[in-house]
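These notes are about the structure you will find just below.
Just so it is clear, the model here is predicted, and its values are computed rather than measured. So that the names make sense, note that chain A is the first sequence line, chain B the second, and so on, each numbered from 1. These values consider heavy atoms only, across backbone and side chains, with no hydrogens, waters or symmetry-generated copies.
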Amino acid sequence: MAQKITKREQDYSQWYLDVVKEAQLAEHSPVRGCMVIKPTGMALWENMQQGLDTMFKETGHQNAYFPLFIPKSFLSKEAQHVEGFAKECAVVTHSRLKAVDGGVEVDPDSKLEEELIVRPTSETIIWDTYRNWIQSYRDLPILINQWANVVRWEMRTRLFLRTMEFLWQEGHTAHATKEEAVAETEQMLEVYRTFAEEYMAMPVITGAKTESERFAGAEETYCIEALMQDGKALQAGTSHFLGQNFAKAFDVKFQDSDGEHKLVWATSWGVSTRLIGGLIMTHSDDQGLVIPPKLAPVQVVIVPIYRDDEQRATVLEYGQSIFDELKEAGVRVKLDDRDNYKPGFKFAEHEARGIPLRIAIGPRDVEKGNVELARRDTLNKTFESRDGIADLVQELLVTIQNDLFEKAKNLREEMTSHVDTYEDFKKVLEEKGGFIYAHWDGTPETEELIKQETKATIRCIPFGDSEEGKCMVTGKPSKKKVLFAKAY
RNA sequence: CGGGGAGUGGCGCAGUCCGGUAGCGCAUUCGCUUUGGGAGCGAAGGGUCGCAGGUUCAAAUCCUGUCUCCCCGACCA
């Protein structure tokens with residue numbers, strides 16, 4: 001069998017690129033660092049959007065849309081924010097081209113009075129807008145989400161994991177009190193955790209970022225961190241408590257019920273198409289993509305097998321009846337009746353594309369009233385009765401969803417270590433990788449030192465249990481272990 | 001920005017050292033045979049060799065310049 005996908009142990013990066021390609025999720029575009037998301041990849045993203053959007057709405061948020069362009073001056077209003085994003089902004093300086101012997105060039109006469117920045121994130125334009133929307137405590141809270149594209153001029157890119165333009169959602173909320181804003185930040189992190197675990201079947205650790213890893217302009221950044229199969233961590237989503245920084249920068253105040261004028265409290269939170277990269281690296285194998293049923297654009301594919309036109313007609317009729325029954329049951333099902341590919345080719349193709357369940361039917365099955373059922377996650381094949389197939393499929397889809405989560409969780413546990421000394425830390429990092437819990441003295445200096453020497457970063461200060469100890473590097477007191485890993 | 005690699009039919013590549021009719025595999029189209037794990041045979045279509053100059057009777061090939069992409073590092077969701 002021709003193997004089109006590089007084995008993971010041979011070259012993990014190449015494996016990742018091969019999976020993306022063979023699953024037909026995306027491809028490189030003519031534009032450096034930008035990708036073309038193909039229909040299959042977009043369908044996957046749309047399912048993710050739908051899941052998240054529903055959860056946003058259930059927690060009281062509404063969608064809105066703000067401009068792609070941000071006046072340059074807006075970026076200068078929040079000092080830390082500028083510092084964080086200034087080095088990676090696309091800038092629009094002119095408004096037109098002119099034809100010059102066969103080609104075009106930028107028309108120097110069209111230079112803009114004020115340059116426009118292509119949004120790297122929308123806090124500035126949104127807070128500039130909120131100033132006009134907020135006068136009274138009765139105008140609060142504002143709970144808005146935006147689905148958009150943003151641009152960050154990255155040095156190096158990888159499909160889905162880091163592209164110059166990417167799709168995401170960004171929530172931007174405004175609150176009257178600090179407590180309410182903090183609660184919102186926590187709530188949205190929990191939404192992300194739930195989505196990652198229940199939809200993507202991707203277990204995550206929740207926690208707070210250290211000061212140096214914090215979002216530019218945030219008082220506190222919470223995150224979900226996932227562990228990929230190669231032992232590297234992926235920051236999968238962030239929720240920021242922005243304090244009153246943006247309210248100050250954009251002069252957003254409200255008159256409270258006590259008559260006082262006060263600054264508004266803010267949060268922002270986002271996840272991006274990077275989640276697709278995380279999904280791929282959490283579940284997929286050497287045969288290609290594996291997608292959890294809840295997010296799979298196609299959950300079941302029916303592959304008919306036949307020798308001649310007569311058999312084809314019989315088998316297709318049988319397949320169509322199964323298709324109808326599954327569709328009726330609400331399963332996303334596809335009947336692959338293409339006549340120009342052999343079954344073996346189709347099997348391999350559907351596996352590469354990660355379709356959770358495959359039903360193969362041939363003349364023998366029609367005769368016996370059977371189907372051959374193959375699970376993508378385990379690659380196990382069984383023969384089942386055609387009767388009651390819809391119930392069985394629905395049960396199996398749930399089972400697969402759960403099994404994928406358990407499998408990913410077990411792998412993460414295996415790849416998670418606790419160390420007490422810096423020597424052990426380096427050793428584990430070298431030999432095993434993965435998540436490493438260790439004590440840290442809480443200083444940026446020590447964090448930086450560890451990063452320089454080992455390339456591992458503090459992924460987060462996990463929520464939950466605390467266990468006092470001593471910093472593995474300096475021996476100074478530490479309140480709890482923090483989570484280290486090499487990251488994407 | 002440092003290091004490495006590559007630009008030749010839609011995709012993957014050979015040809016370049018040593019200049020002489022642009023080739024192979026996959027894909028595509030048509031026909032026949034096939035179809036329970038990536039089918040076989042036959043035929044056909046498709047390329048100003050990244051771009052711009054130069055050398056030459058003759059350039060994918062030699063020279064000069066230039067652009068782009070990919071991979072590895074520093075930076076980042």
Side-chain angles (χ1 to χ4, degrees), chain A residues 1-5 11-14 16-18 21-22 27-35 83-89 102-103 120-121 149-170 192 209 212-216 218 221 223-226 233-240 268-278 287-288 303-309 311-312 315 336-352 358-366 370-372 374 379 381 383 451-452 455 457 459 487-488:
Chain A
M1 185 171 77
Q3 189 69 46
K4 293 182 175 173
I5 298 173
D11 183 344
Y12 195 82
S13 296
Q14 190 57 48
Y16 176 80
L17 292 170
D18 288 349
K21 185 180 172 212
E22 291 303 317
E27 60 190 33
H28 291 286
S29 74
V31 186
R32 185 187 84 85
C34 295
M35 62 180 170
E83 205 176 311
F85 288 104
K87 284 179 284 185
E88 49 186 41
C89 286
T121 179
N149 58 339
V150 287
V151 168
R152 296 180 189 176
W153 212 265
E154 301 288 351
M155 299 282 186
R156 264 191 62 217
T157 58
R158 287 186 84 186
L159 292 173
F160 291 114
L161 294 173
R162 177 165 301 105
T163 45
M164 294 219 310
E165 178 191 11
F166 55 94
L167 306 184
W168 78 343
Q169 60 68 216
E170 46 181 329
Y192 289 156
K209 285 290 183 190
S212 63
E213 297 273 333
R214 214 170 270 159
F215 176 74
T221 289
C223 62
I224 53 173
E225 292 283 329
L234 185 77
Q235 178 174 310
T238 46
S239 183
H240 315 289
S268 70
W269 27 274
V271 294
S272 71
T273 36
R274 166 178 261 202
L275 285 179
I276 294 177
Q287 317 304 316
V303 179
I305 299 160
Y306 46 81
R307 286 178 187 281
D308 50 43
D309 283 349
Q311 285 188 354
R312 179 165 195 261
V315 172
D336 187 355
D337 59 359
R338 291 176 299 174
D339 194 30
N340 52 336
Y341 293 106
K342 291 181 61 171
F345 178 89
K346 293 180 180 177
F347 292 169
E349 187 186 57
H350 295 135
E351 274 163 15
R358 179 184 72 230
I359 291 175
I361 46 169
R364 297 202 298 263
D365 303 302
V366 177
N370 280 348
V371 301
E372 184 199 72
L379 296 170
K381 289 189 275 197
F383 285 96
K451 185 177 173 182
Q452 289 303 322
K455 287 179 184 163
T457 50
R459 300 319 305 154
Y488 273 98

Touch class at under 4.0 angstrom, heavy-atom based, for A:T273 against every strand present: nothing
Heavy-atom side-chain contact between A:N370 and A:R364 under 4.5 Å: no
Under-3.5 Å donor-acceptor pair between A:R307 side chain and B:G36 base: no
Over all atoms of both residues, closest heavy-atom pair of A:I305 and A:P363: O-CD, 3.2 Å
Phosphate contact (B:C72 OP1 or OP2) by A:S13 side-chain N/O below 4.0 Å: yes
Side chain of A:R358 - closest among B:C70, B:G37, B:G36: B:G37
Any-strand Watson-Crick or G-U partner of B:A22, both distances under 3.5 Å: none
Per A:E154 side chain, nearest of listed nucleotides B:G36, B:U35, B:C75: B:C75
Pairwise P distance for B:A14 and B:G5, with rounding to whole Å: 14 Å
Candidate nucleotides B:A39, B:G36, B:C70, ranked by approach to the side chain of A:H28 - the nearest: B:C70
Nearest-angstrom distance, P atom, B:C11 to B:C67: 24 Å
Interatomic distance, A:K21 NZ vs B:C70 P [rounded to whole Å]: 15 Å
Atom pair distance, as rounded to whole Å: CZ in A:R338 and C1' in B:U35: 14 Å
Closest listed nucleotide, where the reference is the side chain of A:E351 and the choices are B:G37, B:U35, B:C70: B:G37
Whole angstrom value for the distance that separates P of B:C75 from CD of A:E88: 13 Å
Sugar-phosphate only, base, or nothing, as touched by A:Q311 at under 4.0 Å among non-hydrogen atoms: nothing
Least distance between heavy atoms, A:A487 atom then A:T457 atom: CB-OG1, 4.3 Å
Side-chain donor/acceptor of A:Y306 to backbone N/O of A:I361, under 3.5 Å: no
Sugar-phosphate only, base, or nothing, as touched by A:D365 at under 4.0 Å among non-hydrogen atoms: base
Given RNA chain B, 5'-ward residue of the pair A:D309 and A:L17, judged by closest heavy atom: A:D309
Base-pairing mate for B:G65 - Watson-Crick or G-U, with both contacts under 3.5 Å: B:C51
Whether A:F166 and A:W168 hold their rings parallel, tilted or perpendicular, with breakpoints at 30° and 60°: perpendicular
Whole angstrom value for the distance that separates C1' of B:C75 from CD of A:Q235: 14 Å
Separation of the P atoms in B:G36 and B:A74, to the nearest angstrom: 49 Å
Any A:K342 side-chain N or O less than 4.0 Å from OP1/OP2 of B:G36: yes
Length of the CD-C1' vector between A:Q452 and B:C75, whole Å: 12 Å
C1'-based separation of B:G23 from B:A60 [nearest Å]: 12 Å
Touch class at under 4.0 angstrom, heavy-atom based, for A:T238 against every strand present: nothing
Who pairs with B:U56 - Watson-Crick or G-U, where each distance is under 3.5 Å: none
Touch class at under 4.0 angstrom, heavy-atom based, for A:E349 against every strand present: base
Between B:C49 and B:U61 - C1' atom distance, rounded Å: 10 Å
Residue whose nearest RNA chain B nucleotide is more 5′ - A:P304 or A:L161: A:P304
A:I359 to A:V371 - nearest heavy-atom pair and separation: CG2-CB, 3.8 Å
C1'-based separation of B:C18 from B:G7 [nearest Å]: 23 Å
Touch class at under 4.0 angstrom, heavy-atom based, for A:R312 against every strand present: nothing
Geometric class of the A:F215/A:H240 ring pair [parallel <30°, tilted 30-60°, perpendicular >60°]: parallel
Length of the OH-P vector between A:Y341 and B:G37, whole Å: 19 Å
Sugar-phosphate only, base, or nothing, as touched by A:F166 at under 4.0 Å among non-hydrogen atoms: base
Distance, C1' atom - from B:G25 to B:C51, rounded to whole angstrom: 28 Å
Length of the line joining A:F85:CZ and B:C75:P, which is rounded to integer Å: 17 Å
For B:G42, the Watson-Crick or wobble partner whose two distances fall under 3.5 Å: B:C30
B:U33 to B:G47 separation - P atoms, rounded to the nearest Å: 33 Å
Distance, rounded to the nearest Å, where A:R158 contributes CZ and B:C70 contributes P: 12 Å
Sugar-phosphate only, base, or nothing, as touched by A:K451 at under 4.0 Å among non-hydrogen atoms: sugar-phosphate
G-U wobble or Watson-Crick pairing nucleotide for B:U35 (cut-off 3.5 Å, both distances): none
Nucleotide nearest A:K455 when distance is taken to its side chain, options B:A74, B:U35, B:C70: B:A74
A:S212 and A:R214 side chains, donor-acceptor separation under 3.5 Å: no
For B:G2, the Watson-Crick or wobble partner whose two distances fall under 3.5 Å: B:C72
